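What follows is a short report on a single structure.
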Amino acid sequence: MPKSSSQTPSATSSVDKAAVSQRIPVVQIATPSTKIHVREQKGVFQRLRQHSNTLLIAIFFLIPFINYQGRQAILFDVTEQQFFFFNITLWPQDFTVLAWFFMAAAFALFFVTVYWGRVWCGFLCPQTAWTFIYMWVEAKVEGNHHHRAALDKAPWSLSKVRKRVTKHAVWIVFALLTGCGFIGYFMPARELYVDIFSMSSGFWTGTWVWFFAICTYLNAGWMREMMCLHCCPYSRFQAVMFDANTKTVSYDADRGESRGPRKRSQKTELGDCVDCNLCVDVCPTGIDIRNGLQYECINCGACVDACNQTMEKFGYAPNLISFTSENALKGQPKASLLSLKSLGYASALLIMIVLIISDLSHLSHIQLNVIRDRQTLYRQVGIDQVENSYQLKIRNKTQQMAFYQISISNDDPQKQTLQIVTESLIAIKPAEQLDYPLTLSGRLRDRTSDSTQQTVQFKVTQIQSLENPTPTEPANEISQTSRFFWP
């Protein structure tokens with residue numbers, strides 16, 4: 001049912017049409033107190049929304065089942081603190097790449113919003129996709145919007161109980177699948193589904209799956225438009241990204257007013273709006289777009305399809321309600337596609353993309369941490385020999401067995417005064433960290449200065465194999481500086 005407003009639709013008949021069409025009015029409307037039973041609607045934008053939602057949901061469920069080199073291609077392994085993305089492995093210290101990625105996604109959303117308003121909410125948002133799925137299930141079980149409204153008011157009976165139990169059972173199953181789909185990004189998905197539906201999963205696995213299942217069930221089944229109206233922050237700050245050229249779902253008041261019902265063949269002085277109220281019946285958030293631009297509108301285009309259907313029946317021109325801009329409604333010429341706001345968002349997006357590429361290009365597949373023996377600065381062996389001990393923490397950040405050679409260099413590259421006493425060729429398993437004790441030795445006669453400290457650089461280089469210590473191509477190495485102490 002349409003929401004109440006301080007300015008009723010009939011009052012517009014006394015207002016100058018030129019004044020009405022000067023701007024897309026922004027109106028704050030009270031939310032309905034009763035449940036919204038959305039009328040089913042077909043049309044161009046609804047087909048586009050259904051196809052995009054179907055594609056995104058299919059991608060969401062199928063991605064965890066993609067395998068690459070014997071393991072799940074995309075996996076946030078929380079227990080091992082690794083993020084696998086095909087042949088790339090990110091560790092916690094590499095997660096700046098993910099930060100840049102999410103920032104780039106945010107600026108891409110802002111950039112699109114400048115031109116197309118809340119197109120994300122109407123066609124790509126998971127909340128919208130799952131809500132429409134739950135509404136579709138509800139319509140299949142309980143009937144169309146009239147039947148659902150009547151069922152709400154009807155006394156409890158065997159038929160009503162059967163329909164309600166069936167609906168909620170299907171909702172719970174799909175919610176459980178959604179919980180598995182989400183957790184499938186954090187643990188092997190193939191085993192997860194089997195464990196959950198065979199009730200053999202561990203406590204924490206089952207807890208997290210059911211937690212997200214309950215969230216899905218409540219959000220898409222019960223809260224629905226409340227998430228968009230009261231919980232989603234995007235609806236609150238979207239207006240700062242709009243300008244006079246932003247395309248949003250808008251009602252052409254200059255053409256539609258004064259509105260009123262009439263027969264199809266009836267000649268009338270009224271505007272094109274026949275006051276059929278379909279635009280309200282099909283709105284998932286229950287607003288009347290004829291009241292002006294409202295933050296509750298998610299730009300799903302359902303009212304556009306409904307109004308165009310009515311315009312076609314009455315022989316009127318389409319797009320009384322359409323995706324249009326304030327300047328287009330005023331008849332002003334199309335402005336330049338580039339504005340200061342869009343250029344700002346595009347620049348920020350470009351910077352984020354450059355940072356992502358830079359981080360990925362400098363991503364090291366080896367992690368090295370050199371720790372000196374702090375209890376004993378040095379050991380003097382015999383009269384001329386001095387030794388220092390170190391602990392090398394070397395991590396193989398790849399998904400394959402790797403072989404490495406440890407080497408050192410000191411202050412004077414022309415004269416190597418220090419030598420590695422322990423073995424310098426090592427092998428490390430995939431994603432394993434090796435704590436490797438290493439000893440350096442130097443002769444007092446080769447000491448290059450009177451200082452008690454000497455800078456030494458440890459270098460770890462990936463090689464072909466232990467039998468073939470040739471560096472790999474492309475080169476993969478890392479280094480870290482430490483100190484060697486003399487008496």
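What you see below is based on every heavy atom in this structure, not just the backbone, and it leaves out hydrogens, waters and symmetry mates. Everything numeric in this text was worked out from a predicted model, so none of it was measured.
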Aromatic ring proximity, centroids under 6.0 angstrom, F61 and Y193: no

Look at R164 together with D152 and state whether they make a salt bridge at an N to O cut-off of under 4.0 Å. yes

I need the minimum non-hydrogen distance between P188 and L75, along with the two atoms involved. N-CD1, 4.2 Å

Look only at the side chain of Q266 and the backbone of K263, and say whether a donor-acceptor pair between them is shorter than 3.5 Å. yes

Note: I196 and S201 closest approach over all heavy atoms is CD1-OG, 3.6 Å

So does W171 get a backbone contact from the side chain of Y134, meaning a donor-acceptor N/O pair under 3.5 Å? yes

Donor-acceptor pair, N53 side chain versus F123 backbone, under 3.5 Å? yes

Stepwise side chain to side chain contact (heavy atoms under 4.5 Å, CB included) test for D288 and C279: CA-CA 7 Å; D288 188 342; C279 56; 4.1 Å; yes

Check this for me, if you would: do R264 and E312 make a salt bridge, where the nitrogen-to-carboxylate-oxygen distance has to be below 4.0 angstrom? no

Does Q294 reach the main-chain N or O of E296 with its side chain, forming a donor-acceptor pair under 3.5 Å? no

Non-hydrogen atoms of N308 and I321 that approach each other most closely: OD1-O, 4.4 Å

Atom pair CZ/CD of F132 and E138 - distance to nearest 0.5 Å: 12.5 Å

Return the CH2 to CD distance between W91 and Q81, rounded to the nearest 0.5 Å. 8.0 Å

Under 4.5 Å between any side-chain heavy atoms of L278 and R39, yes or no? yes

Is there a donor in the side chain of D94 and an acceptor in the side chain of T96, or the other way round, less than 3.5 Å apart? no

For the rings on F323 and F45, is their centre-to-centre separation under 6.0 Å? yes

Between the side chains of S157 and S159, does any donor sit under 3.5 Å from an acceptor? no

Could you tell me how the ring of F83 sits relative to the ring of F85: parallel (under 30°), tilted (30 to 60°) or perpendicular (over 60°)? tilted

W120 vs R118 side-chain heavy atoms within contact, under 4.5 Å: no

Are any of the side-chain heavy atoms of Y345 and M241 separated by less than 4.5 Å? yes

Indicate yes or no: does D275 engage R262 in a salt bridge with an N to O separation below 4.0 Å. no

Pair M226, L229 - check side chain to side chain contact (heavy atoms under 4.5 Å, CB included), show working. CA-CA 5 Å; M226 294 297 109; L229 302 183; 3.7 Å; yes

Carefully, step by step, assess E142 and R148 under the rule salt bridge (charged side-chain N to carboxylate O under 4.0 Å, His left out). CA-CA 6 Å; E142 297 182 352; R148 297 196 299 273; 5.3 Å; no

Can the ring centroids of Y185 and F76 be said to lie less than 6.0 angstrom from one another? no

Between W130 and the options T178, N219, T216, the side chain to side chain donor-acceptor pair (under 3.5 Å) test singles out T178

Please report the closest heavy-atom contact between L320 and C307, naming both atoms and the distance. CB-SG, 3.7 Å

Keeping D272 on the side-chain end and R255 on the backbone end, is there a donor-acceptor pair under 3.5 Å? no

When you measure from the side chain of Q72 to the backbone N and O of G184, does any donor-acceptor pair fall under 3.5 Å? yes

Distance alone, cut at 3.5 Å: any donor-acceptor contact between the side chains of Q46 and E40? no

Tell me if a side-chain donor or acceptor on N396 pairs with a main-chain N or O of Q433 at a distance below 3.5 Å. no

Is there a donor-acceptor pair closer than 3.5 Å between any side-chain N or O of N277 and the backbone N or O of V280? no

Determine whether L192 and F186 make a side-chain contact, defined as any pair of heavy atoms from C-beta on separated by less than 4.5 Å. no

T246 side-chain N/O to W116 backbone N/O, donor-acceptor pair under 3.5 Å: no

Would you confirm whether S250, through its side chain, and T248, through its main-chain N or O, come within 3.5 Å as a donor-acceptor pair? yes

Between SG on residue C228 and CD on residue Q127, distance to nearest 0.5 Å: 5.5 Å

With rounding to the nearest 0.5 angstrom, report the CD1 to CZ distance, I356 to F102. 10.0 Å

Please lay out, stage by stage, how L151 and K160 fare under the test side chain to side chain contact (heavy atoms under 4.5 Å, CB included). CA-CA 7 Å; L151 188 64; K160 182 173 180 177; 3.7 Å; yes

Taking side chain as C-beta onward, heavy atoms only, is I366 less than 4.5 Å from N476? yes

So how far is it from L124 CG to L109 CG, rounded to the nearest 0.5 Å? 9.5 Å

Quick check: do Y234 and C125 have side-chain heavy atoms less than 4.5 Å from each other? no

When you compare the side chains of T89 and Q399, does any donor N or O come within less than 3.5 Å of an acceptor on the partner? yes

Give a yes or no on whether I59 atom CD1 has more than 12 heavy-atom contacts from other residues, nucleotides or ligands under 6.0 Å away. yes

Taking the six-membered ring for Trp, are H168 and W222 closer than 6.0 Å centroid to centroid? yes

Report yes if some heavy atom in the side chain of D252 is under 4.5 Å from a heavy atom in the side chain of S322; otherwise report no. no

I289 versus C303, closest heavy-atom pair with distance: CG2-SG, 4.3 Å

Is W156 atom CH2 crowded by more than 12 heavy atoms from other residues, nucleotides or ligands, each under 6.0 Å away? yes

Compare every heavy atom of T128 with every heavy atom of G122, then report the nearest pair and how far apart it is. O-CG2, 3.8 Å

Between L218 and I214, is any pair of side-chain heavy atoms under 4.5 Å apart? yes

Could you tell me the separation between the CD1 atom of I133 and the OG1 atom of T131, rounded to the nearest 0.5 Å? 9.0 Å

Check against side chain to side chain contact (heavy atoms under 4.5 Å, CB included), L293 and Y251: CA-CA 9 Å; L293 179 63; Y251 168 66; over 6 Å; no

